[in-house]
Amino acid sequence: MKIYETADLIRNTPVLSSIIEERESVWMNPDLVSFELAAKDLELSMKDIDEAEERLNRFAPFIATCFPETREQGGIIESVLSPIPKMQEYINEKYQSALTGRLLLKQDSHLAIAGSIKARGGIYEVLKHTEDLALEHGLLSFQDSYEILAADKSRSFFNDHTIQVGSTGNLGMSIGIMSAAIGYKVIVHMSADAKQWKKDLLRSHGVKVVEYESDYSEAVLNGRRCSDMDPNSYFVDDENSRNLFLGYAVAAKRLIGQLKDQGISIDSQHPLFVYIPCGVGGAPGGISFGLKQLFKNCVHCFFAEPVKAPCMLVGMATGLHQNISVQDIGLSGQTHADGLAVGRPSGFAGSIMKPLLSGIFTVRDGHLYDYMRDLIEMEGIFLEPSACAAFTGPIHLNQYPETKKYLMENQLYGKMDQAVHIAWATGGSLVPEEIRKEYMGTYLKELITL
Ligand SMILES: *Cc1c(COP(=O)(O)O)cnc(C)c1O
């Protein structure tokens, strides 16, 4: 049921008029405050992130045992941070971006096991649940090496337990693959946007895939209902899970060392800008939350959403969070960016980000394919459409009046030559070759139709 009138919403939140017309826009968050002030009211802290990181370290020997591709990194699932100077030069030329400082790409697109940012939150949540169960049932103690979880005895225990999740694709892949490796029965409830190859890949891991003709929210609703009926089933709640959120936040701690390796330090004279594609809000929220804890007022966090599914923007700008959907304001929620095809945001992520987020950019699907092709041509790196949304940030930072005002008001103009910009690439390495070709071809078609 609607609890407001659209005309009233637009009067109170002028950015909605261009959002409703599906125009590319930026919304700057009027509730952003200094980190010191924001931190007083946050329900999570650095200590929670430290604990999540330690838990991932405990599981590293188990992960290295089950997933040989992680052995070189000792069972730690982490992605590289790459300078992309050719891309920077190219966007400055092609889109007149005037981006100074350094542009880097955080390649969560190439994270082991799941090939997307979901290898952080999704896998962490499965591991947390596994540790809880194993400790409770005496299968494990903190003195053990977690490798013992790969033994038959442990696997047969977990086979009496089920994990369920609702997903547009990538979350299902990360939860499904990791849960199957531990021995769980897994059921993934997939929304209509989910790509066929993602369903096929999951089934090849023995995961049960339930398909829906409706969107993500419906898949989540039904998944939760199915899970609640089974006392041995655990539902991964993408919209509200603190665990998922903290799994993402660990990325921030690991980024410090990676920046140092590039000779970069972030301080008041060297600001950091990050641009992260946003669906329900957990992944970009968790990562931004971690970055704010570490870099405080020196980091400026931006999300990017498709023009047809800007759920976090609509939720945060109106203050209605999970009580409003993009369909409520007449948008379809349908987008080629399947990872971002979410109509209703996480109220939990939205409320944590309220005092921390700088702003949200929206991007048209057609441009995602442009950016995809630009990056392949310039740097030889392939990303899926959802991940390409990140580039709308660095491309438009110096172009919107609203972002220019932000740079001015935060005394950033004098520092932009020393700024560091990170486009957070959220997925792509598992996309099959024939689908990549399709995407590259779509580029031309999309320019005409979208
Ligand atoms: C899930 C996903 C996101 C966004 O994460 P949310 O937690 O849904 O906001 C971005 N990009 C890709 C490729 C994803 O799979």
Side-chain angles (χ1 to χ4, degrees), residues 79 106-111 113-125 165-176 188 190-191 193-195 198 215-217 219-220 236-249 251 274-290 301-306 309-313 315-316 321-322 333 335-350 352-353 357 360-361 363 368 371-372 382-393 423-431 435 439:
S79 71
K106 179 61 178 162
Q107 287 183 254
D108 279 6
S109 46
H110 292 66
L111 280 172
I113 303 176
S116 81
I117 195 167
K118 303 297 193 306
R120 298 186 184 280
I123 286 177
Y124 175 72
E125 168 120 26
V165 64
S167 172
T168 63
N170 286 340
L171 184 64
M173 291 214 292
S174 86
I175 304 260
V188 176
M190 287 274 205
S191 64
D193 308 279
K195 303 282 188 244
K198 294 184 180 176
D215 79 346
Y216 169 78
S217 306
V220 170
V236 176
D237 183 350
D238 195 16
E239 290 166 332
N240 297 295
S241 169
R242 273 59 177 168
N243 290 326
L244 211 75
F245 197 81
L246 290 169
Y248 289 120
V274 293
Y275 311 93
I276 317 178
C278 177
V280 76
I287 287 171
S288 300
F289 170 74
C301 300
F302 291 89
F303 293 174
E305 298 187 293
C311 65
M312 187 55 75
L313 189 160
M316 288 185 76
H321 298 289
Q322 76 279 16
T335 161
H336 287 233
D338 55 327
L340 316 180
V342 179
R344 191 180 292 279
S346 156
F348 161 63
I352 291 212
M353 289 316 294
L357 188 68
I360 304 179
F361 293 89
V363 57
L368 300 179
Y371 306 156
M372 178 188 286
F382 172 83
L383 303 180
E384 64 184 87
S386 300
C388 297
F391 287 109
T392 193
W424 211 283
T426 47
S429 65
L430 293 189
V431 177
I435 310 282
Y439 283 158

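Being a predicted model, the structure only gives us computed values, none of them experimental. In each ligand, atom 1 is the first atom listed, and ligand 1 is the first ligand listed.
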message: So, 4.0 Å and heavy atoms of A387: is ligand 1 close enough to count as a contact?
response: no
task: State if V342 counts as touching ligand 1 under the rule of any non-hydrogen atom under 4.0 Å.
output: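 Outside the 4.0 Å threshold, so no.
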With atoms numbered from 1 as shown, which atoms in ligand 1 lie under 4.0 angstrom from a non-hydrogen atom of [X]?
X    : answer
P284 : 5 (O), 6 (P), 7 (O), 9 (O)
C278 : 9 (O)
N170 : 13 (C), 14 (C), 15 (O)

task: Measure up the Y439 and F382 rings against each other and bin them: parallel (under 30°), tilted (30 to 60°), perpendicular (over 60°).
output: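 Parallel, since the angle between the ring planes stays under 30°.
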query: Under 30°, 30 to 60°, or over 60°: which ring-plane class applies to F302 and Y275, parallel, tilted or perpendicular?
result: parallel
Between [X] and [Y], what is the shortest heavy-atom contact and its length?
X    : Y    : result
G172 : V165 : CA-CG1, 4.3 Å
G247 : R120 : O-CB, 3.9 Å
G122 : I175 : O-CD1, 3.6 Å
I276 : S288 : CD1-OG, 3.8 Å

Is any N or O atom of [X], backbone or side chain, closer than 3.5 Å to an N or O atom of ligand 1?
X    : answer
K118 : yes
I117 : no
Y248 : no
L340 : no
G281 : yes
P277 : no

query: side-chain contact (heavy atoms from CB on, under 4.5 Å) between Y124 and K118: does it pass, once the steps are laid out?
result: CA-CA 9 Å; Y124 175 72; K118 303 297 193 306; over 6 Å; no
[atom]: which protein heavy atom is closest, and how many Å away?
atom                    : answer
atom 12 (C) of ligand 1 : T426 OG1, 3.4 Å
atom 8 (O) of ligand 1  : V280 N, 2.9 Å
atom 4 (C) of ligand 1  : G279 N, 3.4 Å

message: Return the CD1 to CZ distance between I352 and R242, rounded to the nearest 0.5 Å.
response: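 Those atoms lie 6.5 Å apart.
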task: Classify the contact between A283 and ligand 1 as side chain, backbone, both or neither, using a heavy-atom distance cut-off of under 4.0 Å.
output: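 A283 to ligand 1: contacts from backbone and side chain alike.
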query: Under a 4.5 Å cut-off applied to non-hydrogen side-chain atoms, are K198 and N170 in contact?
result: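 Side chain of K198 against side chain of N170, heavy atoms only: contact under 4.5 Å found.
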N/O donor-acceptor pair under 3.5 Å between E305 side chain and M312 backbone: yes
